[in-house]
Structure formats: C-alpha cells, structure tokens
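Step one of this worksheet: look at the structure below.
Lettering follows sequence order; numbering is per chain, from 1.
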Protein chains: 4
Amino acid sequence: MAKLQKSIDKRNALIKATIELVNNNGFHAAPMSKIAKMANVSPATIYLYFENKQDLVNKTYIEVKAKYTQYAFATYNDRLTVEEGFEAIWKRIADFKCKDSENAMFLAQCDNTPIIDETSRQEGIKHLQPLLDLWERGKSKGIIKPISNYILYAYTINPLSFLMMADKRNGFQLDKTHIEMAYQAAWDSIRVN
Amino acid sequence: MAKLQKSIDKRNALIKATIELVNNNGFHAAPMSKIAKMANVSPATIYLYFENKQDLVNKTYIEVKAKYTQYAFATYNDRLTVEEGFEAIWKRIADFKCKDSENAMFLAQCDNTPIIDETSRQEGIKHLQPLLDLWERGKSKGIIKPISNYILYAYTINPLSFLMMADKRNGFQLDKTHIEMAYQAAWDSIRVN
Amino acid sequence: MAKLQKSIDKRNALIKATIELVNNNGFHAAPMSKIAKMANVSPATIYLYFENKQDLVNKTYIEVKAKYTQYAFATYNDRLTVEEGFEAIWKRIADFKCKDSENAMFLAQCDNTPIIDETSRQEGIKHLQPLLDLWERGKSKGIIKPISNYILYAYTINPLSFLMMADKRNGFQLDKTHIEMAYQAAWDSIRVN
Amino acid sequence: MAKLQKSIDKRNALIKATIELVNNNGFHAAPMSKIAKMANVSPATIYLYFENKQDLVNKTYIEVKAKYTQYAFATYNDRLTVEEGFEAIWKRIADFKCKDSENAMFLAQCDNTPIIDETSRQEGIKHLQPLLDLWERGKSKGIIKPISNYILYAYTINPLSFLMMADKRNGFQLDKTHIEMAYQAAWDSIRVN
DNA sequence: CATGAATGAGTGTTCATTCAT
DNA sequence: AATGAATGAACACTCATTCAT
C-alpha cells in the first residue's frame, strides 16, 4: 500500500515536471535528464513508469486532457436547456484556462504539433462527447446552426486557447469582462439568430 | 550580381527546407544537417546566412508571416465597406490556408510554441495593421462589437488554423461549403447583432 | 529441505537462462534483468546465488564444462586400449556436441573470449585429466605422437567446436558420416603411423 | 589529397583501436567512447567513418580478415604441387598467427561469437577460395582425403587459433618446433596415407 | 563565398547492482 | 530467502556549431 502510493506520487511528479518544463521552454527543451531532476528521481526511474519519452509525453497529454474535460463537464447535465448547457460547459472551460493555466498552456502547446501521436490525440478527445451530443440536440431543435462540429468547436472553444496565450504572452487580460464578451462572440457564432 | 542572386537562392532554399522539415515531423525533427542536405548546401553554409538555428527559425517565421499577410491584404483597400473589407480579408486568409498549406501549417506549428522568440513574433504581427484599422472603423460605425482586437482575432481568424489542421489530420474537409459556413460564424461572432 | 530444494531449482533456472540467452544473441545481449525474467526470479535474487554477473558467468561455465567432461568420460575406463579409449572419448564428445548443442554452443562461445576469467577456465579444464593420461599412455607406448597435449587437443577435440558451429550457422551437416570422417582425421593427426 | 589522406589515417586509427580494445578485454569492454579516445578522436567522428558500432565491428573484421588471407596466399601459386601448396599456405597462416598476433587474436574472438553478422562473415571468407581450390585439386589427384572442406579446415587451419590462444593464455609456446609438429598433425589428418 | 570534416556537449536509454520491506 | 523499486554510471548515438582549406 505504502509502496504503491509512493509509486503514484513519483508518476505524478514526473508528469508534473514534464508539464512544467514543456511550458517553460517548449518540448525541445525538456530532456529526460531535466525531467528526472525536477521530479527528484533518477533518469532510469522514468523508464519504470513510462516506456520511453514519447510514451511519457503521450500519457501526460492524455492525463491533462482528462483533467480538462472532467473540469469542463463537472457542472453540466443533459436536463439543462441547450443554451444553459452550452454556457455551463463553455464557462467551465474558460475557467479552466484561467485558473489551471499550467495544464491549459501544456494542452495549447500540444495543439498544432506532431509531438503527440494520433492515437493519444483521439484518446484525449474521447471525453468531449457530451459537448458534441449537446450540439446535436441544439441542431435538431433549430437552436444551433446545422454545421460541422469541427466548425462549432473552432468558433467556440478553440478561441479560448488563443486568448489564454495572449494573456500569458502579450498585454491582453483574460478577465471577467473579456470572458463575458468572448462568450457572447462564441454563442453568436453558432446560434441560429 | 550573379553572386548575390545565387545567395538569395540559397537563402530561399534553406527557408523552404526548414518549413518542409518542420511540417513533416515537427521542430524536433529538423536538425541543421538535414536542413542543409535538403537545401543542397553544406551545414556550414547555413551560418553564412543565419546566425544560428534560433535565427534561422525566427527569420523563416517572419518571412512566412510576411507572405501570409501580403496575401491576406492583396485584394483589400480601405474604400470597401467594413463588411466587404472584412469578407475580402477573411476569404483571402481562408484561401491562403487552403492553397498554401505548406506555409499555413508552418505558421500553425509556431502558434502556441515558445520556439519563436517574442521579438520575431511581434515583427510577424506588424503587417496585420490594416485589419486592426478596419476593425476600429467597424467599431466606430457600430457595425462591429466594441471588444478587444484579441477577441476579434480569436473569433474570426484564429479558428481557420484549427480547421486547416482538422483538414490535414482528421476527416474534416475544408471545402467551399464549409468555408462559407465558417465565414458566417466568424462574421456573426463579431458583428453587432 | 524443501527450502534448499527450491534454492537449487532457482540456481539451475538461472544458469539455464544464462546459457539460453547467451546462445541466442551473445554475451552482450544477456543482461541480468533478462536472465532474471527468464528464470522467473527477481533481479535481486540473482545476487543471493551469485556474487555478481562475472561470477554467474564463471559458475555457469564451470557447471557446463563439468557436464561436458562427465559426458565425455562416461563410457571410458583405463582398461581400454589407447585407440579404443581415444575413440570412446572422442565419440562421446562428438555426441555431446550434437545432442546437447545448447551446452556445446555455450562452451564454444566461451572459447576464445576473455569473459571467463582464467581461474574458472583452469577449473573447467581440470576434469579433462583422464584424456591427458590416456595420451601419455599412448605416447609411452609409441602409439601416439610424442607432442604437446595442447597440440593433441587442438587437432582432435577442438575441431569439433568448429564443425558444430558450421552445422549451426552454415550449410554443413554434422551427421553420422561426417563424424566418422572427422574421427578418422583426428586419429590420423595424432597416431604414430 | 591531404584531406583524404588524413581521413584514411583516422579510419585506420579507429580500426586499430577497436582491435586493441577488443583484444584486451573482449567486445563487451570496447565502448565507442574508449575507441574514440584511443584513436584520438571525438566519439562523434566515428560516425563519419562508420554507420554505427555494428558496422565498425563488421568492417574491422572484414579488414583484418582481408589482411589475413592476403598474408596467407602471398607465397602461394597454383603451379606448386598440392603438398607444397598446402605447406606454403599453412605455414604462412601459422606465421601470421605468431607474428601478427594482434590481428590473429581479434579474428579468434570473432570466431564463435554472434557479434559479426552473417553477411560480413561470408564477405570475410570469400578470399579463402584458393585454399578450397587447392583442396579440390588434391582430392581429384587422390592426395587429399575426399571429405568436406569444412572438415579439412577444421583439422588443418582452425587448430592454429586454439594453439595461438594457448600460447597467449597458458604456458604453451607456439615456437618453431611446435609449429613443425602441428604442421605434421595437420597434414597427416587430411592426406591420403 | 562555400565547404566537408570535426567535435564537445548533450540526447534518450540501459545496465549491473542495491536496499527497504 | 526473496523481492520490486530504485539508481548512478555508462552506453550508443546526435546535435548545433566551428574551422582549416
């Protein structure tokens, strides 16, 4: 029991270290040796928990994505109206991007990069289903435009990554007011007017 | 003159090679030696044209971004109405993402990554000014929502990167119909009701 | 008693695993971890039975060499004539190389390699004494050439290793007929004609 | 020209270092770093001359084997009688084992080991053809026993490796007298009495 | 201007061995 | 007696960069 606990701690420490290093300097500046050092572990120990670097990165991605979706849907249930449901999910995601920016930034870095292999990417997306279901409901009720989910995602959720990065990098502040405006833009872009 | 011409050719070849390699396997799979080989040049020659790898990547980014903005504004002039102007620019950008996907994918990979340094990033954004001016015009005329340009960008232009990647990676097809739908979403998200 | 029995089983399993792995890919592909796995034992357990890897390899060598000499002399007794005795031993050794090729191959790999330390090598040779005695008898009776035992060994026994490897690796078949021819060559090379 | 010369020097130094290290402590104690150091070269430089460690070892083997066969046949021509020819070749090989023991020991270590891949092994054997031709001549003239070349090799040439190792390791002295005795044994083993 | 050869520092990974349990 | 987890040191190999030519 104690052994197992310790193991999970190390695994977590490794994943945390990976996220931290990747966030600070990008994937190309996150060597195994540094990850090990930051997790207070020998480089060899990493390979007790992960097959290789690719696996470590994939697993980290999947784990973070799981946290993300879990957070996103925590307040949602399908008895909400389409608009209520959408707002609930969207705001939770916005919240995640603001409050858990470590994880959010890591996910953003994974977005357009071939570092995560396709299998893990699919695995990561899997838990987004409730949102897709909500959209289908909205479409059939004539509330949401009858367009591809890819477009719906591109115009509602994805912009939040950009805004979070702008907040981190440039002068932009992703505060309450801006989030409200962003939500309005998101909803306006997909609702049937 | 002939010498200079030759030089520009080599520089271009190097930039082209960088883009190609980064597109195929990401930044971590684009070593200087491969870039040199693909450009039919000695590794040492790269350092006649660029200070180091960081510089090569930065310059490549700036160059590609310049092509991108040049293409974006080619049909635009400020005598167009706000909506006409916006549509003109947006559609050109969409066009670029479809037709020059080599360059577009490279830019997408640079988006959320710390590989490009902040200075070069600013340099790349510089030429986007006409779009910002257009938005200001739209805002003052009450046509476009009075919100931060970051949000306007996030909800109109940025989604196109996501859709292009979806087209490259997943089943999604960024064709005429989808582009039209995306444009509608973009415009709906920022126009005053 | 049960405990002790179990221990011997484990020791044997470890030695067997060592032989098997070394045979398959050579010494450099027989790490302790794989040996442990193949013997269904923890890596740490190896160190209860052997001091270190060198010791494991040495002991394996000695053990296999012991089996080899035991087999070689099983049908021999010193009341046989010199030629009968030589044939008996030689044919047993040839038999061993054919039938117990696992062990024979392992010994062959140890032959010209510095992996086995000199002490263990001497230890392994020790049981060959009856053959040396036979040779001395043959020499004193004028039946066997009065030459160094090293040469006698080199020209009678050692060639069998080469032929066995040729059988394993190349097209050569070390069958009944070839063994008979080899025996004739061996005997011809050392007998006083 | 100077450049090319220097390159060949380095290649030779690397091969020499490989032989030396393998001879001293076996293959498992010849890491690339030590080979590089012994050749006064950076580890990275090895990879300018050889694809990888396997390639380095293979090429070293082929090169040494070539020197060996070249030396073996230097005094031979097919106008010699079968016995003269055999003695010429055999004695040259014995000579090689004595005088160029560095190379000879390296070859001995390669003999029963899977470190050299089969292709390189075949490549190494290729130049032995004149000996095989001589044997065929001897067989057709009824001078040499009509038996497999594998057996002829096992009982004439191969014992020399054993004797050389005995000379290096144990008390045995592979001197003139012993060589003469060994030759007699070799010839007796294959000649038609 | 252009290069091929060269490299020190670093990469991901494996290994023989140890230790707390 | 037996172990799974852990590790420092080493391994084969690669990289961005330099330099003599």
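- Taking only side-chain nitrogens and oxygens, D:Lys10 never comes nearer than 4.0 Å to OP1 or OP2 of E:dA5.
- Electrostatic pairing of D:Glu63 and D:Lys67 does not count as a salt bridge here, judged by no charged N lying under 4.0 Å from a carboxylate O.
- By the side-chain hydrogen bond (donor to acceptor under 3.5 Å, both in side chains) test, C:Lys59 is found to be paired with C:Asp55, residues two or more places apart in sequence or in another chain being considered.
- Partners of C:Tyr68 under the ring pair (Phe, Tyr, Trp, His ring centres under 6.0 Å) rule, at least two apart in sequence or in another chain, are C:Phe96.
- Contact annotation: D:Thr45 does not reach the phosphate of E:dA6 (side-chain N/O to OP1 or OP2, under 4.0 Å).
- D:Lys37 places its NZ atom 12 Å from the C1' atom of E:dG8, with the value rounded to the nearest Å.
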Exercise answer: donor-acceptor pairs, residues 27-41 of chain A side-chain atoms, under 3.5 Å, sequence neighbours excluded:
none

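- The backbone N or O of C:Asp117 sits less than 3.5 Å from a side-chain atom of C:Asn58, completing a donor-acceptor pair.
- A:Ile62 meets the side chain to side chain contact (heavy atoms under 4.5 Å, CB included) test with A:Ser120, A:Glu123; sequence neighbours excluded.
- To the nearest angstrom, C1' of E:dT3 lies 14 Å from CG of D:Leu48.
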Open item on the list: I need a per-nucleotide contact map over nucleotides 9-16 of chain F, read 5' to 3'. Cutoff is protein heavy atoms under 4.0 Å; write B for the base, S for backbone only, - otherwise.
Closed with: --SSBBBS
TODO: Both distances under 3.5 Å, Watson-Crick or G-U wobble: on that basis, could you give the dot-bracket string for DNA chain F, with [ ] for crossing pairs and | for other-strand partners?
DONE: .||||||||||||||||||||
Task: Stepwise side chain to side chain contact (heavy atoms under 4.5 Å, CB included) test for C:Lys126 and C:Gln122 - done: CA-CA 6 Å; C:Lys126 226 168 45 184; C:Gln122 292 305 328; over 6 Å; no
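- Although no hydrogens or angles enter the test, the distance criterion places no donor-acceptor pair under 3.5 Å between the side chain of C:Arg121 and the main chain of C:Pro114.
- Across the interface with DNA chain F, nearest-nucleotide mapping of A:Asn40 and C:Asn40 shows C:Asn40 to be the residue nearer the 5′ end.
- For A:Tyr49, a side-chain nitrogen or oxygen approaches OP1 or OP2 of F:dA6 to under 4.0 Å.
- Going from atom CD1 of C:Ile46 over to atom P of E:dA16 covers 9 Å, rounded to whole Å.
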